[in-house]
4 protein chains.
Amino acid sequence: MTTQHRHKRKDGLRRQAQIMSLAMRLFAEKGYHSTSVDDIITAAQIVKGTFYLHFKSKQDLLNSIVDTHLNLLYESLKILDISLPRPLDEIRQLYSDVGAQLMQDPELKVFVKLMLREVMGHDSGFLNKINSFFMGMAQLFSQYITKAQDEGRIIKSIDPTITSYSIIGSVKEVLFHWAVMDEKLDIQKSINTMIEIYFTGLIEQPSKEVR
Amino acid sequence: MTTQHRHKRKDGLRRQAQIMSLAMRLFAEKGYHSTSVDDIITAAQIVKGTFYLHFKSKQDLLNSIVDTHLNLLYESLKILDISLPRPLDEIRQLYSDVGAQLMQDPELKVFVKLMLREVMGHDSGFLNKINSFFMGMAQLFSQYITKAQDEGRIIKSIDPTITSYSIIGSVKEVLFHWAVMDEKLDIQKSINTMIEIYFTGLIEQPSKEVR
Amino acid sequence: MTTQHRHKRKDGLRRQAQIMSLAMRLFAEKGYHSTSVDDIITAAQIVKGTFYLHFKSKQDLLNSIVDTHLNLLYESLKILDISLPRPLDEIRQLYSDVGAQLMQDPELKVFVKLMLREVMGHDSGFLNKINSFFMGMAQLFSQYITKAQDEGRIIKSIDPTITSYSIIGSVKEVLFHWAVMDEKLDIQKSINTMIEIYFTGLIEQPSKEVR
Amino acid sequence: MTTQHRHKRKDGLRRQAQIMSLAMRLFAEKGYHSTSVDDIITAAQIVKGTFYLHFKSKQDLLNSIVDTHLNLLYESLKILDISLPRPLDEIRQLYSDVGAQLMQDPELKVFVKLMLREVMGHDSGFLNKINSFFMGMAQLFSQYITKAQDEGRIIKSIDPTITSYSIIGSVKEVLFHWAVMDEKLDIQKSINTMIEIYFTGLIEQPSKEVR
DNA sequence: AATGAATGAGCCTTCATTCAT
DNA sequence: AATGAATGAAGGCTCATTCAT
């Protein structure tokens, strides 16, 4: 009967951000299904009602988290767009820079972990969001490949679709070991190796009689 | 009012296999968490008690499914072991053959889907099993890479670990589009493209006598 | 971040009346239990606190609504009081007039709907209020019946209590079809039919051999 | 962790019937909304799971209760069907008999109470079910009225629809005082009074100077 | 080997109400 | 007079698991 209000008032947005951040950590750590709303409110030191004041449902919270971080990522990756033919070294440097910079955000690491853990366990809405993100990423490579094939800089025998899948997969997997398995990876080296594999590797060698 | 036990008695193993097969489909389609024991027994046309006669728990069922299929896979992939230096073309052919052959098993497709959906959403036990499988697969490449690096056939600037992650990721991703997204992929072409990317791509160029 | 209090200040009573009117509509449409305070404040474009500024509780709001409208009804029906023996035709006309007049108030229709929907689903307080209203209405008839029985104008074989229940029921039911089922009923005709049934029907016929 | 099964096993149908009977009482007493599933399982001395083993939802339970009793009622009232012209006295007797007999079932009384409490507070599904029952009942009267109007035995100036509403209302209201208000009513007398009002009352009097 | 009624902890969600601002 | 973030009891429902038959 006696309702007590001992808690600090935050304005709506701050609470929301706080819940999202904490929830993302829990989701990433234990998985979405295994994280209960109770876990979340305990971590956030709020009560049930407060949670549902800010989010329509647990799923809604997940959506908000994903949308927010995905948008941030989209912004960051825009810069990688390679419409104009730049020298290879410049591209290398660009990827290296952007990659290194992103990897420094600790929130991002948690988000990547969440993303990779929960990619498939969900209704298509979620899956599609994450997937179209990766697809977007792939397109950058894909465009480059096709264009470069036309210009004779990349061998024509490879299938661009499969190749782009391959690239996404490579990126995902390395991210997986970094974010989920928490392996200490030298980020600079990792990026370079992957660029090496795909860029150098795909480039048609003058002296090579392909097949 | 007389309860009748009219249900066919299958000998234990057949029932077990039947449940596993049906459950695997359900897990692959709806996800492990979203598939209830009720869903399974309904599909299998048995009752609760019967289920727990064959499996200790729902988790136990998943384990059994994974163990069974993973062992089959291990057997199939043993042949890919490349201790002895074989000519590249032979290797190419080998991967191509094994891959094509595996892709024909419809049960395997379902299992791959399950594996890729649920890889991360779980307690470490499950994750480790699946992961060590992929690791095993990676090692085949990894060994080859390292050895080939020593022999001067593969560029030394790449990191073998990252490279093998990259390869696993590529394979996973293509499998994902095939099994989960159910895209119609030309398997032969896909395998060839990936071999092309990694094999040809990794080979140190100028002085190389291809094949 | 500065919270602004931009909302129009209505003087207390107007706000109160506005909330009551809107809430009555919602209660009538969705039922008391299924209408949340949130629904009400959304409709009234106010916030939680404002609501509780005007009403102690949701139940208090309902009480206020009922009291207000019930009092209006009492006023209107006072005129029907028949202490003095009036000629039948005059009575007929009176009921017809009062009924027709009442039915024209759209707010009343909503209130009737609410009353009939929620009569029983509640704690006795509410139920009693509504019920004593109907009882009051019944008494008008009841008095007339008894008096008329004494005067030999109404057959003595009927039970006045049951008869008055019967009359209330008849009125309620026709109101129900009108207000809740929203059937297009010719009000004049309906009133006349009911008067016919009860008045004409109950009058002892001189030439009639009763039973 | 330790699940204890101390409870007697009943076969499904008996449990179901037991729950329905107890729940009906609770619904009738406190109202559907104010009766929680917890209330029900406490009364039935079972646990949550057991409840949902037998009923899909709380609403489903209500539906089952209503369907069951409504069907029983339908059976009982079939006999009242008056296709063939029977003498008035015979009809009187028939109604009197059926009514008296029904009123003796204590479960029925509870059901009537429930029905009258919850008629309107619900989604149309429930409302329609109850309503079509009353409509069915009304039709019996309605048929008689129309036919009797044709045969010149009932005055033509009344509206059959309104008249049937009036009759249903009368019945409902008397039932209400009997079942909900728990008044001690002489059933025989009540039935007779209502028959008197409607039957005798409606009959056109040969020597009567109408109005 | 099979049955299926019973369990109960745990989940997500709603909502009337309070009170610091 | 008005705000709206916070409360927390209570609700309906799910589901893996057990065990008497």
Side-chain angles (χ1 to χ4, degrees), chain A residues 1-12 14-16 33 35-41 46-59, chain B residues 3-12 15 33 35-41 46-59, chain C residues 3-12 15 33 35-41 46-59, chain D residues 1-12 14-16 33 35-41 46-59:
Chain A
M1 209 51 34
T2 47
T3 309
Q4 294 184 29
H5 298 251
R6 10 184 160 237
H7 250 32
K8 52 247 169 194
R9 301 194 137 217
K10 304 196 177 184
D11 72 288
R14 271 198 40 223
R15 242 303 112 84
Q16 211 151 313
H33 276 109
T35 302
S36 69
V37 173
D38 261 299
D39 292 336
I40 297 166
I41 65 171
I46 56 175
V47 297
K48 279 280 170 65
T50 308
F51 177 87
Y52 284 94
L53 188 64
H54 292 290
F55 300 96
K56 279 210 327 278
S57 66
K58 189 183 159 191
Q59 180 67 49
Chain B
T3 309
Q4 295 184 31
H5 298 247
R6 60 183 101 213
H7 245 15
K8 50 252 172 189
R9 303 190 146 212
K10 301 196 177 185
D11 64 293
R15 179 95 327 146
H33 274 109
T35 302
S36 68
V37 174
D38 253 76
D39 291 336
I40 297 167
I41 65 169
I46 56 175
V47 296
K48 280 279 170 66
T50 307
F51 177 87
Y52 282 93
L53 215 56
H54 291 290
F55 301 96
K56 274 205 344 268
S57 67
K58 188 183 161 191
Q59 181 67 49
Chain C
T3 308
Q4 295 185 28
H5 297 247
R6 58 183 103 213
H7 245 12
K8 51 249 171 192
R9 302 193 149 214
K10 301 198 177 185
D11 65 293
R15 200 33 39 109
H33 275 109
T35 303
S36 67
V37 174
D38 253 76
D39 292 335
I40 296 166
I41 64 168
I46 55 174
V47 297
K48 279 281 170 67
T50 307
F51 176 87
Y52 283 92
L53 215 54
H54 293 289
F55 301 95
K56 274 206 344 269
S57 66
K58 187 184 162 191
Q59 180 67 48
Chain D
M1 211 49 37
T2 47
T3 310
Q4 292 185 33
H5 298 251
R6 6 179 164 241
H7 251 31
K8 52 252 170 188
R9 300 193 137 216
K10 303 194 178 185
D11 72 286
R14 273 199 37 223
R15 240 308 109 83
Q16 214 152 313
H33 276 109
T35 302
S36 70
V37 174
D38 261 299
D39 292 336
I40 296 167
I41 65 171
I46 56 175
V47 297
K48 278 279 170 64
T50 306
F51 177 87
Y52 284 94
L53 189 63
H54 292 290
F55 301 96
K56 282 210 324 276
S57 66
K58 190 184 161 191
Q59 180 68 48

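So that the names make sense, note that chain A is the first sequence line, chain B the second, and so on, each numbered from 1. None of the values given here were measured: they were computed from a predicted structure.
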Engineer: To the nearest Å, give me how far apart CD1 (C:Ile46) and P (F:dT3) are.
Structural biologist: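 That distance rounds to 8 Å.
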Engineer: Once you round it to whole Å, what is the distance between P of E:dG8 and CG of D:Asp38?
Structural biologist: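 So the CG-P distance, D:Asp38 to E:dG8, works out to 14 Å.
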Engineer: Of all residues at least two apart in sequence or in a different chain, which pass the side chain to side chain donor-acceptor pair (under 3.5 Å) check with B:Asp39?
Structural biologist: B:Lys30, B:Ser36
Engineer: Are any of A:Thr50's side-chain N or O atoms less than 4.0 Å away from OP1 or OP2 of F:dT7?
Structural biologist: yes
Engineer: For F:dG11, does OP1 or OP2 lie under 4.0 Å from any side-chain N or O of D:His33?
Structural biologist: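 Answer no for this pair, as no side-chain N or O of D:His33 is under 4.0 Å from OP1 or OP2.
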Engineer: Restricting to side chain to side chain donor-acceptor pair (under 3.5 Å), what partner residues turn up for A:Lys48, sequence neighbours left out?
Structural biologist: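 Applying side chain to side chain donor-acceptor pair (under 3.5 Å) to A:Lys48 gives A:Asp38.
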Engineer: Rounded to whole Å, how long is the line connecting atom NE2 of D:His54 with atom P of E:dA6?
Structural biologist: 5 Å
Engineer: Take A:Phe51 and D:Gly49, find for each the nucleotide of DNA chain F with the closest heavy atom, and name the residue whose nucleotide sits nearer the 5' end.
Structural biologist: A:Phe51
Engineer: Nearest-Å distance, CD1 (A:Ile41) to P (F:dT7)?
Structural biologist: 10 Å
Engineer: Select base, sugar-phosphate, or nothing to describe what D:Val37 touches, counting heavy atoms under 4.0 Å on all strands.
Structural biologist: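 Sugar-phosphate only.
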Engineer: What's the shortest heavy-atom distance between C:Thr35 and C:Ile40, and which atoms?
Structural biologist: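 Smallest interatomic distance, heavy atoms only, reads CG2-CG1, 3.9 Å.
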Engineer: So what does D:Ser36 hit on the nucleic acid, given a heavy-atom distance under 4.0 Å: a base, only sugar-phosphate, or nothing?
Structural biologist: sugar-phosphate
Engineer: Roughly how many Å is it from CZ in A:Arg15 to P in F:dG4, rounded to a whole number?
Structural biologist: 17 Å
Engineer: Rounded to whole angstroms, how far apart are OH on B:Tyr52 and P on F:dA20?
Structural biologist: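 B:Tyr52 atom OH is separated from F:dA20 atom P by 17 Å.
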Engineer: If the cut-off is 4.0 Å, is B:Ser57 near the phosphate of F:dA16, judged by side-chain N/O to OP1 or OP2?
Structural biologist: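 For F:dA16, neither OP1 nor OP2 has a side-chain N or O of B:Ser57 closer than 4.0 Å.
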Engineer: To the nearest Å, give me how far apart CZ (A:Phe55) and C1' (E:dC12) are.
Structural biologist: 16 Å
Engineer: Side-chain donor or acceptor of B:Lys48 under 3.5 Å from a matching atom on the base of F:dT17?
Structural biologist: yes
Engineer: Suppose we screen for ring-ring contact (aromatic ring centres under 6.0 Å, His included). Which residues come up paired with B:Phe51, at least two apart in sequence or across chains?
Structural biologist: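 ring-ring contact (aromatic ring centres under 6.0 Å, His included) check on B:Phe51 returns B:Phe55.
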Engineer: Restricting to non-hydrogen atoms, name the atom on A:Lys58 and the atom on A:His33 that form the minimum distance, rounded to 0.1 Å.
Structural biologist: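 The answer is NZ-O, 3.9 Å.
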Engineer: Which comes earlier along DNA chain E counting from the 5' end, the contact point of B:Val47 or that of D:Val47, where each point is its nearest nucleotide?
Structural biologist: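 Final value for this comparison: B:Val47.
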Engineer: Nearest-nucleotide wise, let me know which of C:Leu53 and D:Lys56 is further upstream toward the 5' end of DNA chain F.
Structural biologist: C:Leu53
Engineer: So what does the secondary structure string of DNA chain E come out as, 5' to 3', with Watson-Crick or wobble pairs under 3.5 angstrom, [ ] for crossing and | for pairs with another strand?
Structural biologist: .||||||||||||||||||||
Engineer: Taking atom P of F:dG11 as reference, at what distance in whole Å does atom NZ of D:Lys58 sit?
Structural biologist: 9 Å
Engineer: Are side-chain heavy atoms of C:Ile46 and C:Arg15 found at a separation under 4.5 Å?
Structural biologist: yes
